[in-house]
Amino acid sequence: MSLLTAEKISVERAGRVLLADTSIQLAAGELHVLLGPNGAGKTTLLRALSGEWPTCTGEIRLGNDVLPRLDAPQQARRRAVLPQQDALAFGFTVRELITLGRHAAIDHRPDTTKQVIAAVLQATDTAHLAERRYPELSGGERRRAQLARVLAQVWDVPHAVLLLDEPVHSLDLGHQHTVLALLRTLAAKGFAILASLHELNLAAAYAQRVSLMQAGRIVATGTPETVLDSPRLKSLYGEDLSFTAIENAGSRQWLTAAEPTRSAIRTADPGAARS
Amino acid sequence: MHRSSILTIGFTLLVAAALLGLAVGASALTPVQLWQVTTGTLTRSDDWMHAVVLDVRLPRVLLALAIGASLSQSGVVLQALFRNPLAEQSLLGISGGAAFAAAAWLVVVPLLSLQTGWLDLIALPLSALLGALLAAWVVIRIARTGSATDVSTLLLAGISINALAGAGIALLQTLASDAALRDLTLWFYGSLGRAGWSELAVGLPLLLGISLWLPREAQALDALLLGEAEAAHLGVRIESLKRRLLLLVSLAAATSVALAGIIGFIGLIVPHLLRRLLGPGHRLLLPAAGLFGAALLIVADTAARTVFAPLEVPVGVLTALLGVPLFLGLLRSRHTA
């Protein structure tokens, strides 16, 4: 069941094509990961799917409804968005921040709100930060607090769409795994989740579907096993990188290294490099 | 201390400030006399007290209350709209735009000897409103960049609009008749000295109405602090919210300017201090800003007419003396942070 469908969407800005004729389907029960180099269009795609580009052409459907036909509260009850940038400079406590997530919720009973907040605090490991003020938090703690706010928005919705732009950005290794495991649990519960990542191995370990983006297009889509291979990764991230697959307890992980030519430059004698 | 007790404190302060404003002046009243005036149990020989309190001081205190509350709450709203604690209607040029447009009406009409008749009553506040809306629109077009508003762009936009309004008013002054000139000078340094019951009849319901309406937007304003796109994702109808808030803030600024001229910095001082006590949530911040802003302007106005009595200092001068050091401190802390 596709909860969010985009057909041939394009975004242009100042004569530059940021997203070209892209189609994607987000199915209930699936954690779908976007991979690609900087500037490939991951953020543009996520923003287009969240209805942020008024100039976007093509069709986006949330469930069976074409996007502009749903107003903001209706969209918010079915889809939550975690942006890449975070501009909050005001001193909300983490608990207050998360409460903002309940703005459009139909069930406004204090008991429900309290339960949802407790649940997302625990799920994102931010319970100990609940009364701290947001601007005093570290980068990773802020990220988790924002994620908790996004989850609170649709926590009690059976089939919601989550659009997450680099949800594990600036998280430590342990929390990267906590968050991705949480996303898998939510997918199993019936959510459709699209998340952009830069960590190849997190994608390989947790994603059920991977889309590779390059120059404003999705160049490959499928399970991590079928999509991720050395030639594709080289063409995506650079021909002078080597990608070695390691089979580990039934899952495939990738070892990334610079080719000798690149490392040679780095270790070369400074005097020789200058001449 | 529970945070909502701030509202009780604010209310107590407001009542105390109002009583002070009614009692203090060229002829001071004792609490007993004030009680007698309000209950109508004065002896015949004390009738002058009745006139002083009910016809002079009471309208002035009420105007200060409505304008103080409105300036302070408008500051809160503008700061949320621009996601910037330095946004304030006089710094952004909204009050300046209103003052210039109102002054233009005041000077140009007698100059062309137009017969306006009944139009006079609403034309002045209406042109002030147009000036305020135009200035607000220009600032929002220039200073807004995606999620947050750049401080320097915002302030520079405000400076240029204020400079333009100032130049415009100076030009009008050279053209103006003597009577109009007095009014213009008064406008540029706000004063509550013109308050009478007829001015209050329109202004008071309008300003208090806006003050009572704004807290309804508290939840949406909270969401707005996250950024416009983020607020939209949370389910806020962002475009209509922005239009509504700008209209309300411009209407409040235009009304205050038409009644009392430019009174700056109340919208900066009060929200800043209250955010330190209450945090940024608008559910408590907006009502508290109303109470404390009203109390502050009543006290400032009482000081303005008594400190150098029988001379009167424009109250805008006093609020600037309070506000500018705070403003500079805020600017400095932004650089060191």
Side-chain angles (χ1 to χ4, degrees), chain A residues 43 46-54 67 70-106 108 131-136 142 145-146 149-150 152-154 157 160-165, chain B residues 3 75-87 144-151 154 216-243 271-285 330 333-334 337:
Chain A
T43 296
L46 284 161
R47 289 182 59 188
L49 295 179
S50 51
E52 269 184 52
W53 289 102
L67 253 206
L70 298 172
D71 70 0
Q74 287 171 323
Q75 292 187 30
R77 286 177 204 125
R78 289 151 73 167
R79 181 202 58 210
V81 182
L82 178 71
Q84 187 179 357
Q85 304 285 342
D86 142 42
L88 180 60
F90 288 82
F92 283 116
T93 63
V94 170
R95 186 184 300 282
E96 288 168 337
L97 173 71
I98 297 172
T99 313
L100 295 184
R102 301 298 292 169
H103 181 82
I106 291 175
H108 256 127
E131 311 310 327
R132 294 265 305 275
R133 297 215 171 268
Y134 186 77
E136 299 161 6
R142 288 181 185 201
Q146 290 282 7
R149 164 182 73 80
V150 169
Q153 186 177 335
V154 289
V157 176
V161 177
L162 291 180
L163 302 174
L164 313 172
D165 202 348
Chain B
R3 285 196 284 181
V76 170
V77 170
L78 284 168
Q79 285 143 26
L81 268 174
F82 290 99
R83 282 165 294 287
N84 192 320
L86 292 175
R144 235 198 67 233
T145 51
S147 55
T149 308
D150 179 49
V151 197
L154 189 68
R216 297 167 56 112
E217 313 279 9
Q219 233 200 350
L221 284 166
D222 283 350
L224 205 49
L225 293 183
L226 289 171
E228 286 185 16
E230 286 77 0
H233 295 323
L234 286 175
V236 175
R237 294 182 182 90
I238 193 80
E239 291 306 323
S240 69
L241 174 74
K242 272 164 53 190
R243 270 198 303 273
H272 174 73
L273 295 178
L274 287 176
R275 259 191 217 99
R276 295 205 142 182
L277 296 170
L278 296 171
H282 290 87
R283 195 176 60 83
L284 287 176
L285 187 57
L330 278 174
S333 71
R334 290 184 79 81

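Just so it is clear: chains get the letters A, B, ... in the order the sequence lines come, proteins before strands, and each one is counted from 1.
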Pick one of side chain, backbone, both or neither for [X], based on which atoms fall under 4.5 Å of a heavy atom in chain B.
X	answer
Gln75(A)	neither
Arg133(A)	side chain
Gln146(A)	side chain

Using atom types as modelled, flag every donor-acceptor pair under 3.5 Å from a side chain in residues 273-282 of chain B to any protein atom, sequence neighbours excluded.
unit_1, atom_1, unit_2, atom_2, d
Arg275(B), NH1, Gln79(B), OE1, 3.3
Arg275(B), NH2, Gln79(B), OE1, 2.9
His282(B), ND1, Asp222(B), OD1, 2.7

- Query: Of all of Val150(A), Leu97(A), Asp71(A), Leu100(A), which one pairs up most often with chain B through heavy atoms under 4.5 Å apart?
  - Reply: Leu100(A)
- Shortest non-hydrogen contact from Ala232(B) to Ile238(B)? CB-CG2, 4.4 Å
- Residues which pass salt bridge (charged side-chain N to carboxylate O under 4.0 Å, His left out) with Arg77(A), listed by chain and number, not counting sequence neighbours: none
- Message: Can a donor-acceptor pair be found, under 3.5 Å and without considering hydrogens, that links the side chain of Gln153(A) to the backbone of Arg79(A)?
- Response: yes
